[in-house]
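The structure appears right after this line, and notes come after that.
As the structure is a prediction and not an experimental result, all values here were calculated from the model. Keep in mind that the numbers below use all heavy atoms, side chains included, and drop hydrogens, waters and symmetry copies. Residue numbers start from 1 in every chain, and the chains themselves are labelled A, B, ... in the order their sequence lines are given, proteins ahead of strands.
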Protein chains: 2
Amino acid sequence: MSVSAYELSLQMARTPRLDDRRERLLDAAARLFREHGYERTSVRQLAEAVGILSGSVFHHFSSKEEILLEVMRSTIERMISSLHEASVSADTTEARLFQLIRAELELLHGPTRDGVAVTFFQWHSLGPDKQRHILSMREEYENIWLEALQQALEQGLIDTDPFVTRRLLTGANGWTIYWYQAGGSMSLDDLAGQVCHLLFRERK
Amino acid sequence: MSVSAYELSLQMARTPRLDDRRERLLDAAARLFREHGYERTSVRQLAEAVGILSGSVFHHFSSKEEILLEVMRSTIERMISSLHEASVSADTTEARLFQLIRAELELLHGPTRDGVAVTFFQWHSLGPDKQRHILSMREEYENIWLEALQQALEQGLIDTDPFVTRRLLTGANGWTIYWYQAGGSMSLDDLAGQVCHLLFRERK
DNA sequence: TTGCTAACCAAGCAAGCGCTTGGTAGACTG
DNA sequence: CAGTCTACCAAGCGCTTGCTTGGTTAGCAA
């Protein structure tokens, strides 16, 4: 952040900045895909959002589908690290599940919301191969959930099948993007609390 | 099924059958929209599914969007009557909620699954006006839920906000179309039981 | 027999799509 | 200073899309 960092940023500003445009394209794609859906977003719209022409998009990505794949790939990475962080931050199983729920809701409604919403609800826009690919990437994410739920089952905190419970939870949490307003009277902690309340009996 | 019915079917085969083709188009549309999504289903595919050419589709419907709207409209009607039937069939609030959950899951996985899945997950493919229209149609359906949940709250069966609870339940149930296999080891009653188990403490 | 209508076909239009091509300005490299 | 490379533009290609148009056939009523 000292002089050298400043000079570096100046140099980067003068030199071609592939990563910058690429990143901006991914951000715009996540936003547009979330707002209008993958199919309804044209490459031309995407290009306009970052101030280039449609053909130039294919200098950064080989196809439109690859953009969607890359949005999901980078999103899943962030999802995994967020969830992992939440998982290790708690010392009891009960607290761990609360943190996991909170983390997932924050992923869905915080700054990462565009990419996460796209990853949750638009995987069917990918071809079969790439669909399998991101599905296998999500496994690591789901495993964190399943481990915590298995633990909760063994400790008698829940008495439902971890797999089924996780699936129901996925739907409940994911669907919040269609009704929960982050700025409203209900805080994200409130929401997480309500979800938690459905999982186990007691939760303060 | 006697001679007269046979003659009737012969006559129907000879006479123009607008309603028949219309109905078949709606069925095919529900199936194709569910399988590939609205945007990825072309009018030509739709026409081919019922054995006519693409232009002929517009003799029955004024636009592709109207087909989607009509699929949703007729589906919501069936959803409301199914839910109403389930609601009045139970005499206790607890049983009523179980029946509601069972009914919604049956809508999602029974013969109506195509239209219901489309109604649940593809309303964003409609223009803003028609989106509001089917949203207002769904209100009656949601009100049945909210009344039952309000009743359960007053009787102490649940202790969460009915509105929030319903939204979480909507997601949990709706998401089952992505993982629950109707023919598998888990029956629909089992699934309904699991969902119910998350709602209140005890449920045999 | 004539007239009317529902239900369709055959052909194709205008617009938009994802993507390709050939070229160029500007910064860096040897 | 020549050569190279990145990042882009300008133009447009081939294809698909939703939808239209004009005409045809079969059934029915008067």
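For residues 116-127 of chain A, the side chain to side chain donor-acceptor pair (under 3.5 Å) pairs, not counting sequence neighbours, are A:Glu39-A:Ser125. Sequence neighbours left out, the pairs with a member in residues 49-69 of chain A that pass salt bridge (Lys or Arg N to Asp or Glu O under 4.0 Å) are A:Glu65-A:Lys130. Applying the salt bridge (Lys or Arg N to Asp or Glu O under 4.0 Å) rule to pairs touching residues 50-63 of chain B yields nothing, sequence neighbours excluded. Among residue pairs with one or both ends in residues 48-63 of chain A, none qualify as salt bridge (Lys or Arg N to Asp or Glu O under 4.0 Å); sequence neighbours excluded.
Partners of B:Asp161 under the side-chain contact (heavy atoms from CB on, under 4.5 Å) rule, at least two apart in sequence or in another chain, are A:Gln194, B:Phe163, B:Val164. Taking A:Glu139 as the reference, nothing meets the salt bridge (charged side-chain N to carboxylate O under 4.0 Å, His left out) condition, with sequence neighbours excluded. Listed by chain and residue number, A:Tyr38 satisfy the ring pair (Phe, Tyr, Trp, His ring centres under 6.0 Å) test with A:Phe33 (two or more places apart in sequence, or in another chain). Every residue was checked against the ring pair (Phe, Tyr, Trp, His ring centres under 6.0 Å) condition with A:Phe58, not counting sequence neighbours, and none meets it.
Side-chain nitrogen and oxygen atoms of B:Ser42 include none within less than 4.0 Å of the OP1 or OP2 phosphate oxygen of D:dT16. For D:dC9, one of the phosphate oxygens OP1 or OP2 lies less than 4.0 angstrom from a side-chain nitrogen or oxygen of A:Ser56.
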Cut-off 3.5 Å, no hydrogens considered: what does the side-chain donor-acceptor table look like for residues 107-115 of chain A, sequence neighbours left out?
unit_1   : atom_1 : unit_2   : atom_2 : d
A:His109 : NE2    : A:Thr176 : OG1    : 2.9
A:Thr112 : OG1    : A:Leu107 : O      : 2.9

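Of the residues in residues 46-55 of chain B, those placing a heavy atom less than 4.0 Å from an atom of DNA chain C are B:Gly51, B:Ile52, B:Leu53, in numerical order. Contacts with DNA chain D (heavy atom under 4.0 Å) in residues 61-73 of chain B: B:Ser63, B:Lys64, listed by number. At a non-hydrogen distance threshold of 4.0 Å, nothing from residues 28-39 of chain B comes into contact with DNA chain C.
Judged by the 6.0 Å and 45° rule, B:Arg138 forms a cation-pi pair with B:Phe120.
In this structure, CG of B:Asp20 is placed 17 Å from P of C:dA6, rounded to the nearest angstrom. Whole-Å rounding puts the B:Phe58 CZ to C:dC8 C1' distance at 14 Å. In this structure, B:His60 places its NE2 atom 18 Å from P of C:dT5, rounding to the nearest Å.
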Verdict with supporting geometry, B:Leu126 and B:Met72, side chain to side chain contact (heavy atoms under 4.5 Å, CB included): CA-CA 10 Å; B:Leu126 287 175; B:Met72 292 186 171; 3.7 Å; yes

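Comparing atom distances between the A:Arg21 side chain and each of C:dG12, C:dG18, D:dC8 picks out D:dC8 as nearest. For B:His59, counting side-chain heavy atoms from C-beta on, the closest listed nucleotide (C:dA6, C:dG18, D:dT20) is C:dA6.
Within 3.5 Å, no donor on the side chain of A:Arg44 pairs with an acceptor on the base of C:dG16, nor the reverse.
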